[in-house]
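Please read the structure below before turning to the comments.
Below, chains carry the letters A, B, ... as their sequence lines are ordered, and counting in each starts from 1. Keep in mind that what you see is a predicted model, and the values were worked out from it rather than measured.
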Protein chains: 2
Amino acid sequence: MDCQPANCCGARVDCAGCEARPLALCGALKAADVQVMGSIAYPRKLDAGKQLIHEGDPADDVFTLTDGMLKLYKLMPDGRRQITGFMIPGDFIGLAYGQSYVYSAEAVTPSTACRFRRSALLDKMAEYPELEHRLLSLASNELAAAQAQMLLLGRKSARERLASFLLGLASRRGVGEGDAMPLPMSRSDIADFLGLTIETVSRAFTVMRKERLISLPDKHSVIIDDHDALRDAAGD
Amino acid sequence: MDCQPANCCGARVDCAGCEARPLALCGALKAADVQVMGSIAYPRKLDAGKQLIHEGDPADDVFTLTDGMLKLYKLMPDGRRQITGFMIPGDFIGLAYGQSYVYSAEAVTPSTACRFRRSALLDKMAEYPELEHRLLSLASNELAAAQAQMLLLGRKSARERLASFLLGLASRRGVGEGDAMPLPMSRSDIADFLGLTIETVSRAFTVMRKERLISLPDKHSVIIDDHDALRDAAGD
DNA sequence: CGTAATGTTGACTTCAGTCAAAGGATGTGG
DNA sequence: CCACATCCTTTGACTGAAGTCAACATTACG
C-alpha cells in the first residue's frame with residue numbers, strides 16, 4: 001500500500017518480509033518515530049475473516065495496519081456483538097490497553113499488519129518521547145471518535161446512524177460527492193457497528209437510495225449523491 | 001478531599017487557593033508528575049449545574065477533578081444529549097483533544113477542579129516524559145471504558161444497561177454489597193448516559209427493587225443487595 | 001410552607017426487532 | 001459451462017421493548 005496524499009507523512013521504513021515493500025506508516029507515525037520502529041517491526045498477513053487479536057488474550061503485541069481493513073469488536077456471552085471501529089491503513093491497533101486485549105480484531109478484507117512487540121515498543125517510547133507523544137495524540141483522536149459513536153448509539157435513529165456512518169467513512173477515505181466508495185464490510189458488520197439489525201440497515205439503505213441521497217452500484221460500494229442532504233439526515 | 005486508599009498514589013501538591021488544602025492527585029498522577037504539575041496548577045470551584053467546559057470552545061485548559069462529580073456530554077442541535085461519562089476525583093478532563101473541546105463538562109455536585117494551561121502542560125510533558133506516559137495510560141483506560149459503553153449502548157437491554165451502570169459505579173467507588181452508594185446524578189442524567197428515557201430508567205429501578213437486587217433508601221443512593229444477581233442481569 | 005423541580009406509574013404508540021420467504025451473488029464440482 | 005449449494009441481502013408481515021404523553025407523587029428549596 002502506498003501513502004495516500006490525504007493522510008501521509010512521507011515516512012517509510014523497511015518492514016522485514018512485507019512483500020519487500022516499505023512499510024508506509026501513513027498518518028500514524030512521523031519520520032523520527034519510524035526510524036525508531038523500524039528495528040522492531042514484523043509483518044503479518046491475514047485472509048478475510050481471520051482474527052488478528054482475541055479479546056482477553058495477553059496483550060503482547062501492537063500493530064499498524066498497512067493494507068486492507070480490520071474490524072474491532074466486543075462479544076457478549078450469548079453472541080451479541082458490538083463492532084467498535086473499522087481500521088484502515090495507517091491506523092494503530094492495540095495501544096497500551098493494560099495486560100490483556102479488551103477487544104478482538106478480525107480482517108474484513110485481506111489485510112497486512114505490521115507487528116511490534118509491546119515490550120520493545122515500551123522500551124522505544126522511553127527512549128524516544130516523541131513516539132509516545134504521537135501515540136497520545138492518536139489515542140485522543142480515537143477517544144473523540146468513540147464519544148461521537150456513543151452519541152450515535154445512544155441517541156440517533158436508524159436513518160441518522162446510517163447517514164453518519166457513510167459520511168464518516170467518506171471523510172476518512174477522502175471520498176467526495178459522486179465518487180464510488182468501497183464498502184468492504186457486510187451488512188451484518190454495519191449493523192453490529194451501528195447497533196441495529198441487518199434488516200434495519202438494509203431498509204435504511206433502500207429508503208436513502210429511493211430518496212436519491214445515495215446510489216448502490218453493488219452491495220460493496222456506495223456513491224453519495226447528495227452530501228448536504230445526507231448531512232441533514234445524519235442529525236448533526 | 002483526601003486521598004482514598006483504593007486509588008491513591010500518596011502524592012500531593014499545593015494548589016494555590018484550593019482552600020489551603022493540598023491538591024490530592026489521586027490515581028491520576030504519580031509523585032514525580034505532581035512535582036512537575038504543582039507549579040502550573042490553578043483551582044476552580046463549581047456549583048452544581050455549572051459548566052466547566054463547553055463543546056467547541058478553544059481547548060486552552062485541562063483539569064483534574066479533586067472533589068465532587070462532573071458529567072461529560074455531547075448535544076445534538078435538537079437538544080438530544082448523550083452523557084459520555086461521569087468523572088470522579090482523580091480523573092483527568094480535557095486530554096489532548098486537538099484544538100477544541102469535543103464535549104461539554106458540567107458539575108453534577110458542587111465540585112473543585114484544578115486547572116492547568118494546556119500550553120504549560122505540553123511544555124512540562126516535553127520536559128518530563130514520565131508525565132506523558134501516565135497520560136497515555138489514562139487515555140488507554142478511558143478508551144477501554146468507551147468501548148465497553150459502546151457495547152452497552154449498541155447491544156444491551158434497558159435492564160442490562162442499568163445493572164452494568166450500577167456495577168461500574170460500585171467498582172469505581174470501591175463500594176461493596178450492602179453498602180449505600182451515593183447516586184448524585186438525576187434520573188435524567190442516568191437516562192442520557194444509558195441511552196434511555198427517564199421513564200424507562202425509573203421502571204428498571206422499580207423492577208430491580210421489587211426483585212430485591214437493589215434497595216433505594218432515597219433517590220440519591222442505592223444499595224446493591226445481590227451482587228451476583230446484578231452481574232447476571234448485566235449480561236456479561 | 002408552598003411552589004417548582006424531579007421522580008413514578010399507567011395507558012398507548014412507535015420504531016426497530018423478529019420471523020419468514022424469496023431474490024441475487026458467489027463458488028464448487030461434475 | 002452449467003447445475004447446485006451456500007451465503008448474503010432484500011422485502012414483507014407481525015411483534016415487542018422502549019418511547020411518548022399524561023397524571024400523580026415526592027422531594028428540594030426559597
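Across the interface with DNA chain C, nearest-nucleotide mapping of S186(B) and K156(A) shows S186(B) to be the residue nearer the 5′ end. Nearest-nucleotide positions on DNA chain C place R209(B) closer to the 5' end than the other of E199(A) and R209(B).
In this structure, R172(B) forms no cation-pi arrangement with F86(B), as its terminal cationic atom is not both closer than 6.0 Å to the ring centre and no more than 45° off the ring axis. Judged by the 6.0 Å and 45° rule, R115(A) forms no cation-pi pair with F63(A).
Protein atom CD1 of I198(A) is 13 Å distant from nucleotide atom P of dT11(D), rounded to whole Å. Protein atom CG of L216(A) is 10 Å distant from nucleotide atom P of dT11(D), rounded to whole Å. Whole-Å rounding puts the H220(A) NE2 to dC8(D) P distance at 9 Å. The CG-P distance, from L196(B) to dA18(D), rounds to 7 Å in whole Å.
Ion pair K50(A)/E106(A) not flagged as a salt bridge, since none of the NZ, NE, NH1 or NH2 atoms sits closer than 4.0 Å to an Asp/Glu carboxylate oxygen.
Set against dT20(D), dA16(C), dA18(D), the side chain of A158(B) has dA18(D) as its closest nucleotide. Residue S202(B) has its side chain nearest to dT9(C) when only dA16(C), dT9(C), dT10(D) are considered. Across dT8(C), dG19(D), dG17(C), the shortest atom-to-atom separation from the side chain of R203(B) is found for dG19(D).
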